[in-house]
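Okay, structure first, notes after.
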Amino acid sequence: MANESVEINEGRDLTAWNGIRVAITGGTSGLGLALVRMLLDHGAKVAFIARNRDRVEHLMRERSDAHGITGDVSQKDDIYSIAIQILGQLGGLDVLINNASSLGPAPLAPLADTNCEDFELALRTNVLGPFRLTKALLGALAASAREGGRPLVVNISSDAAISVYPNWGAYGASKAALHHLSGIWNAELASQGIQVISLDPGDMDTPLHAVAVPDADTTALKRPEDAARELITKIANLILTAQEVGQ
């Protein structure tokens, strides 16, 4: 499975994004917002999903070339509506970025002090949401492959998926599940030409991190814009490499 060790090649031509149809969850804040703006600037067709209707509408006013969808990936009943709107607005799908995340308890707490409902929210948002949305969009991703595309699902992970951090139990366990899920999806979908990867963007100065670590030194954190630039370069490299291998 391709993962966070993927090498960045800044020399790759990011015009590879021209016309690529991309859906991004958690698209109105932090990394998701930076990805929406940057991918649009690189010529991608972008649909973004977020829970807060006011934020969705605000971003659509800022970027008239973006397609906004109000929905909550942690809610099973929202998934098919989100998927239908993505396909209706983009006319298909080439890249799905499962970025929306939940910490679970906020502020962070030891597992022994974590409410079951908070743990469940982390699992619904960070594991079941990406699983359900990916599953709902598999047909469109397979169609992209049949049309000569190199469809890709990118699950945004964390070093907490690999390393043990006290008080990050719900988040870490859910991200570990997402990371492993990505590898299994990738192995199972390879025959259909669909690649699934897990990428860790690093510690960023985002609203989610501010809730998790209120007293963090933000100067030591990565800007979401820098993380987004690294991620889209990595993804472009993967798409272009897959195209070259398929030629």
Side-chain angles (χ1 to χ4, degrees), residues 1-9 12 14 16-17 20-27 29-40 42 44-50 73 82-83 86 90 92-101 125-138 140-142 144-145 149-159 161-162 174-190 192-202 204 206 208 222 224-243:
M1 178 188 64
N3 57 28
E4 51 268 38
S5 66
V6 174
E7 236 177 76
I8 300 176
N9 183 347
R12 296 291 249 179
L14 291 183
W17 287 105
I20 295 292
R21 300 162 297 185
V22 185
I24 304 169
T25 66
S29 178
L31 176 63
L33 176 59
L35 286 169
V36 169
R37 289 169 172 161
M38 201 165 294
L39 286 169
L40 287 170
H42 280 88
K45 296 174 63 177
V46 178
F48 66 92
I49 302 94
V73 297
I82 291 170
I86 288 171
L90 298 181
L93 187 66
D94 303 302
V95 178
L96 170 63
I97 303 178
N98 288 308
N99 166 71
S101 294
T125 307
N126 302 348
V127 186
L128 287 175
F131 169 75
R132 287 170 173 152
L133 188 57
T134 300
K135 187 173 180 179
L137 292 167
L138 279 180
L141 292 165
S144 172
R150 295 294 182 266
L152 183 65
V153 178
V154 181
N155 292 322
I156 301 301
S157 186
S158 166
D159 63 340
I162 307 299
S174 62
K175 288 297 186 178
L178 179 65
H179 181 73
H180 198 58
L181 182 75
S182 302
I184 295 171
W185 269 129
N186 191 58
E188 294 177 345
L189 297 175
Q192 298 181 49
I194 301 170
Q195 188 174 9
V196 183
I197 64 172
S198 169
L199 290 177
D200 170 22
M204 298 174 289
T206 63
L208 187 75
K222 188 182 298 184
E225 294 78 11
D226 294 333
R229 186 175 297 105
E230 292 174 1
L231 282 175
I232 67 170
T233 302
K234 290 178 181 180
I235 297 168
N237 273 299
L238 289 169
I239 293 172
L240 290 170
T241 298
Q243 289 173 343

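Side-chain atoms are counted along with the backbone in the values below, which use heavy atoms only and exclude waters and symmetry mates. Numbers here are sequence positions counted from 1.
With sequence neighbours left out, A228 forms a side chain to side chain contact (heavy atoms under 4.5 Å, CB included) with L31, A34, L35, M38. Here A145 pairs with P151 under the side chain to side chain contact (heavy atoms under 4.5 Å, CB included) rule; sequence neighbours left out. The side chain to side chain donor-acceptor pair (under 3.5 Å) check on T125 picks up nothing, with sequence neighbours excluded. Scored by the salt bridge (Lys or Arg N to Asp or Glu O under 4.0 Å) test, E188 finds no partners at all (sequence neighbours excluded). Taking the side chain to side chain contact (heavy atoms under 4.5 Å, CB included) definition, one finds that A50 meets it with T28, V56, sequence neighbours left out. Partners of S29 under the side chain to side chain donor-acceptor pair (under 3.5 Å) rule, at least two apart in sequence or in another chain, do not exist in this structure. Partners of A44 under the side chain to side chain contact (heavy atoms under 4.5 Å, CB included) rule, at least two apart in sequence or in another chain, are W17, V22, L39, V46. Taking N98 as the reference, T134, N155 meet the side chain to side chain donor-acceptor pair (under 3.5 Å) condition, with sequence neighbours excluded. By the side chain to side chain donor-acceptor pair (under 3.5 Å) test, R132 pairs with no residue at all, sequence neighbours left out.
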Exercise. Would L181 and V196 count as a side chain to side chain contact (heavy atoms under 4.5 Å, CB included) if you check the C-alpha gap in whole Å, the side-chain angles of each, and the deciding distance to 0.1 Å?
Worked result: CA-CA 9 Å; L181 182 75; V196 183; over 6 Å; no
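Side chains of I156 and T25 form no contact here, defined as non-hydrogen atoms less than 4.5 Å apart. In this structure, the side chains of W185 and L138 come closer than 4.5 Å at one or more pairs of heavy atoms. Counting heavy atoms from C-beta outward, D94 and I239 have side chains that stay 4.5 Å or more apart.
Counting all heavy atoms, side chain and backbone alike, V127 lies closest to S174 at CG2-O, 3.1 Å. The minimum heavy-atom distance between L90 and K45, with the atom names listed, is O-NZ, 3.4 Å. A23 and I86 get closest at one heavy-atom pair: CB-CD1, 3.7 Å. L93 approaches S144 most closely through the heavy-atom pair O-CB, 3.3 Å. The two residues N126 and A100 make their nearest non-hydrogen contact at OD1-O, 4.0 Å.
With rounding to the nearest 0.5 Å, the separation of CG in D200 from OG in S157 is 6.0 Å.
Checking L141, I197, N186 one by one against V153, the side-chain contact (heavy atoms from CB on, under 4.5 Å) holds for a single residue, L141.
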